[in-house]
Amino acid sequence: MSDEGGSEKFSLSGFDFDARLKSFLEKKWGIASLFPPQAESLPHALDGSNLLLAIPTASGKSLVAHITMTNRLANDLKGLRGVYIVPLKALASEKFRELEEMATAVGLKVGLAIGDRSSEMTSIEDSDILVCTSEKLDSLIRGRPEIMDDIGIVVADEFHLLQDPNRGPTLEILLSRIRHRRSNAQLLALSATVGNAEEVAEWLGAKLIVSDWRPVALYSGTLTGLEVRYHSVEGPIGEGEPLPEEKHLEGGVQKNLHAVLDDTIGQMKQLLVFVSSRSSAQKEARELAKHVISRMAVSGDVIPTEKVANWELIAERVSSGDESSATVKALSNSIRGGIAFHHAGLTSSHRKVVEDGFKNGDLLCIVATPTLAQGVNLPASRVVVRDTRRWSTIAARSMPLPVMEIRQMMGRAGRPGFDDFGEALLVSKSTEEERALVSLYLEGEPEEITSKLANPNALRAEEDGALLTHLLSIIATAGIEDRDAISRFLDKTFLATQMDTENLEERVDDVICWLSNNGMIQRTGESEEVRIRIREVKSEGNEDEDWEDELPAWVGSASQIPGLEILPEERSGRRLEPRRGPAIFGFRKASLYESAEPVLPESPTMTYAPTALGSLIARLYLNPISGKLIHDGLGKAMAILSGEDDARQLSPLSLLHLAACTPDFLPLWPRKNDLDAIQEVLHGHERELLAESIDLEEERRMKGVLVVQSWMEEDRLESIEEEWGVQPGDLRSRVELLEWLLFAMRRILLEDEGFATKNRESHKTLFESIDEVYRRVRFGCRADILGLVAIKGVGRKRAREMSDALGVSSASDVSLLTERDRGKLANLRGWSPKLVDNLVKSASISDKRGR
DNA sequence: TGGATGTACTTATAGACAGCATGTC
DNA sequence: CTATAAGTACATCCA
C-alpha cells in the first residue's frame, strides 16, 4: 500500500476511529492517509450508514470496509459479529489474511468459512468477524438461522455479481434474509462501476458513493498494429490530466504482442494479457516464451539472471508431484521462458504458483482467460486485452464481452506503490474496429445490473433453479411459512423492484406447486391467524413502513372477495400459455417440472411446512430438482435390490450417473471423438441407468461420469487428459462435484424413513454401495485398496504399490507388517525406511480409530 | 517416390459455489 | 450477426 500519487492528503488523524487501528495502519501497512474516495466514504461508514461504494478495483475500497468493520465491532458494536461476503474461495482467503492482521490489533478474532476442508482454522461460533463465500454463509444460515442474530455489520464485496445468473440469486436472497432478521445491521456493499448504481443503492437503503478516482493513473487506449493510441485517463488528479502521446512500438514486422512484451521488459515492468479461450492462452504463452528465449540468446543482458533462475524453480513447482500432464508440461515450458498462462484447466494450486511467481516479480507476463480479472488482487503495470469477444455456445456465435468485464480487466493495470501509471490497451485489427472498441468500452457506460432470481430468459436449467432453491430454503429454514409472508419477503428483494408483481406471484405459485407435488413441502391449511394479520395490515395502511406498505395487488382482491373467486379460470387460462418459450432446455421439459393439471393460485392464507425430505435437501444445499432426481433414483435402486425390478441392474455406474444427472453437476462437453464411447455406454449399459433422459445433455453428463469413472479405476491423470481432452482443473472439479453429490445421496437414503422400513436389507446394501462409490471417487481408487487410502499419508498411488508388493488391504494389515515386508516396501522406488515407519505408525492410528 | 509444405475444411470454444471432518505424492 | 486456434485430409512441390 502506498499513498503516493494523491494530490490531496487526508491524514488518518482527521478521522474518528480507534487509535489502535490508526497505529496499526501506520506501522504495519504504512498507511498514514486516505485516498479521496476513502476519505469521503469512511465518515458515513463509521456512522453506521449503509453504503454502496461503486469505485474501481484497487482503489482501496476494501480498506474502508476493513476499518469500519474492525472499529465498530471493537467499539460501538462490541459483542456483535461482522460478516465479510466474497464470491470466490481464493478471495475469501485473501481477505481473511488482511482482516486477521488488522483485527488482532483490536483483539478481535477472524474466522474463515468456505466449503473447504483445510482452511477453517477458527471455529465459526468463536469469531467476531467471519469471512465467507455467499453460498457458505447461506448454508450456515440454513442450518442455524440463529447465527444471524448477533450480526451487526455486513460487507458484500464484488457486489455487482448480483447480476450473475448462477451466483447472483444466492447473494440477493442472503442479503434479504439478513435484512429481514437483522434490519439494523449495517451494510457496506462494494461494487465495480455499474450503470444503475442509484437503483441498487435505493434498494439497499444505502448512500451511494461513486468515483473513478484511482491511486495510480490509468491510461486506457488501443493497440492497432504497432500503434498505441491513448483515449482516456483516470487517475489521482482526475479530469484534465494530459493524455500521453501516441507511440509506435519498436519491433519491425514481429507480432504486436511480442512488441508490447519487449517494450514492457525494456521498462522493467510486467504484462497481463487477456484472451478468450484456454487454447489461446496457452498458445500466446508458448509463443511469447519462445520469443523471450530467442531474444536472450541474442542479447543475454536483457533479463537479470536470478530471475531466469527463478523461472526454473517455478516451473519445477508447478510440475512437482504431478505425473506431468500435457497441460502442466505446457505450463512449465512457458514458465521456463518467463511467461505463464492462467485458466480454469489448471488446478487451484497451479494457479497459486503462477500468481505468486507474478507477484514476486519473477514472471514477465501472464496470459489469462477473463476470470483472472475478478479473482485475487494481481495488478500489473500493463494490461493488454487481446480478445474483446467470446464464443457463446448457447448463442452459437461470438459475442462482445460486457463493458463491466472489460473494465475489470483494464482496471488491473497499475501497481500501487510501484508504478507512476498503468496502461491498459485494447487490441484492434483495423481503425474501424478501433473506433468501435473506443466507443463501446472506453467511452460507453457499463451495463445496468438486474436481478436473476427469477430469470425469465434462463437458457440453461441451472440458471432457472434459483427461485425453486431459495423458496424451499425460506420455507424450510427461515420460518416464513405462509403465502402472504412469502410475498412480503420477496417484495423486499431486488427482483421485486424489477419484475411486475403479478408475474412474480405466478412464478411463486408455480414453484410452490412444484415443491408440494414433489414432496418437498406440504400445504398445512389456510390459517385464520394469517387472515387476521392481512386484514390488520391492510386497515393500518401505511403506518408500518418497513414491511407492510406494499402488498401485492392480488392480496387486496383476495380478501375482498370471499372464497376462491380469485378469477381462477382466468389465471389458469393464462398459465396454460407457454410463457417461457419451448422447453428445449432442461428440467422443466419432463413431468419433473410441469404438472399435468393447470396450477391454481395459492390462497394468501395458505400455510406450508417442509417435509423431512425438503428440509434435508435445503440443509444439504442441493437444488430441489437434484434432490427429487436422487430420491426417485434411489427408489428405483431399492426396487432393483429387493427384486421387484429385475429388468434393471445396479452398478457403480448407476450411482455416478444418477448424481451426474442433477442440475448441481456440471457436464463436460464431448469432443467429436468422445461420442462413440459415450453412446456405447449410454446404450450398452442402459439397464444400469437410474435417471431418465431429462434434458438434452445426456452425452455431456455421461462424459463427466466416464471421466470420473476412469479416475476411480486408477487411470493415470495424464492418460485421462489424453483420452478425453480434459485438463487437470476440469477433472478435479468433476471429482469434487460427484463426491459432494454422492455424499448427499448417502444422506438422503440414510434419512428416508420410507426406504429404511420398506426393506432393511436392501437399504443396507444400497447404503454400502453408495458409500463405497463415494470413497472410491474421493480417493480415486478401486474398492480393494479403500482400507489403505484411509491411512494418513497414503493416497491411491502408495496404496496400490503396497497392495501389489505385499497383498495388504487394510490399515490393520499395514500396522502388523513384518520387518521383512517393511524392508521390501522401503526398497520400492520413491520409498524410504523412514516413510515406511511413518506409514506403519499412522496405520495403527487409523486402525484403532476404525474399530 | 518420399517427405516437406501448402490449402481447404472441420472442430472446438470462460468460469466454479455447496457437505463433512482430518491429511496426497 | 465482425472469431480464432488446432487438427485433418489431401493436393502440390521438389530432390
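Worth knowing before you read on, the calculation uses all heavy atoms, side chains too, and leaves out hydrogens, waters and symmetry mates. Letters go in sequence order (proteins before strands), and every chain restarts at 1.
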Taking only side-chain N and O atoms of [X], does any of them lie within less than 4.0 angstrom of OP1 or OP2 on [N]?
{"X": "A:R390", "N": "B:dA12", "answer": "no"}
{"X": "A:R747", "N": "B:dA18", "answer": "no"}
{"X": "A:R386", "N": "C:dA5", "answer": "yes"}
{"X": "A:K136", "N": "B:dA18", "answer": "no"}
{"X": "A:T133", "N": "B:dA18", "answer": "yes"}
{"X": "A:T369", "N": "B:dG15", "answer": "yes"}
{"X": "A:K89", "N": "B:dA18", "answer": "yes"}

Give [X] one of three labels, base, sugar-phosphate or nothing, depending on what nucleic acid heavy atoms sit under 4.0 Å from its own.
{"X": "A:S276", "answer": "sugar-phosphate"}
{"X": "A:P400", "answer": "nothing"}
{"X": "A:L737", "answer": "base"}
{"X": "A:Y774", "answer": "base"}
{"X": "A:G830", "answer": "nothing"}
{"X": "A:R351", "answer": "sugar-phosphate"}
{"X": "A:S277", "answer": "sugar-phosphate"}
{"X": "A:T393", "answer": "nothing"}
{"X": "A:I791", "answer": "sugar-phosphate"}

Answer yes if the side chains of A:T327 and A:S325 hold a donor-acceptor pair under 3.5 Å, and no otherwise. no
In terms of side-chain heavy atoms of [X], which of [options] is nearest?
{"X": "A:R286", "options": "C:dA6, B:dA14, B:dA12", "value": "C:dA6"}
{"X": "A:K429", "options": "B:dG15, C:dT4, B:dT13", "value": "C:dT4"}
{"X": "A:F743", "options": "B:dC20, B:dA16, B:dG15", "value": "B:dC20"}
{"X": "A:S398", "options": "B:dC20, B:dA16, C:dA3", "value": "C:dA3"}
{"X": "A:R389", "options": "B:dT11, C:dT2, B:dC17", "value": "C:dT2"}
{"X": "A:S279", "options": "C:dA3, C:dA6, B:dT13", "value": "C:dA6"}

Rounded to whole Å, the NZ-C1' distance (A:K283 to B:dA12) equals 16 Å
Going by an N to O cut-off under 4.0 Å, is there a salt bridge joining [X] and [Y]?
{"X": "A:E736", "Y": "A:R732", "value": "yes"}
{"X": "A:D138", "Y": "A:R142", "value": "yes"}
{"X": "A:K703", "Y": "A:D730", "value": "no"}

Counting Watson-Crick and G-U wobble pairs only, both distances under 3.5 Å, name the nucleotide matched with [N], or none.
{"N": "B:dA18", "value": "none"}
{"N": "B:dT24", "value": "none"}
{"N": "C:dA5", "value": "B:dT11"}
{"N": "B:dT1", "value": "C:dA15"}

Side chain to side chain contact (heavy atoms under 4.5 Å, CB included) with A:L737: of A:T662, A:V777, A:D664, A:L666, only one passes, and it is A:L666
Side chain to side chain contact (heavy atoms under 4.5 Å, CB included) with A:V367: of A:R286, A:E284, A:K283, A:Q282, only one passes, and it is A:E284
Base of B:dA14 paired with side chain of A:R278 (donor-acceptor, under 3.5 Å):
no
Closest to the 5' end of DNA chain B, once A:W669 and A:R746 are matched to their nearest nucleotides, is A:W669
Note: for A:R619 and A:H342 on DNA chain B, the residue whose nearest nucleotide lies more 5' is A:H342
Worksheet item: Just by distance, do the side chain of A:D164 and the backbone of A:N166 share a donor-acceptor pair under 3.5 Å?
Response: yes
Q) Would you say A:W391 stacks on C:dA3, if stacking means ring centres under 5.5 Å apart and planes within less than 30 degrees? A) yes
Centroid distance under 5.5 Å and plane angle under 30°, A:W740 vs B:dA18: yes
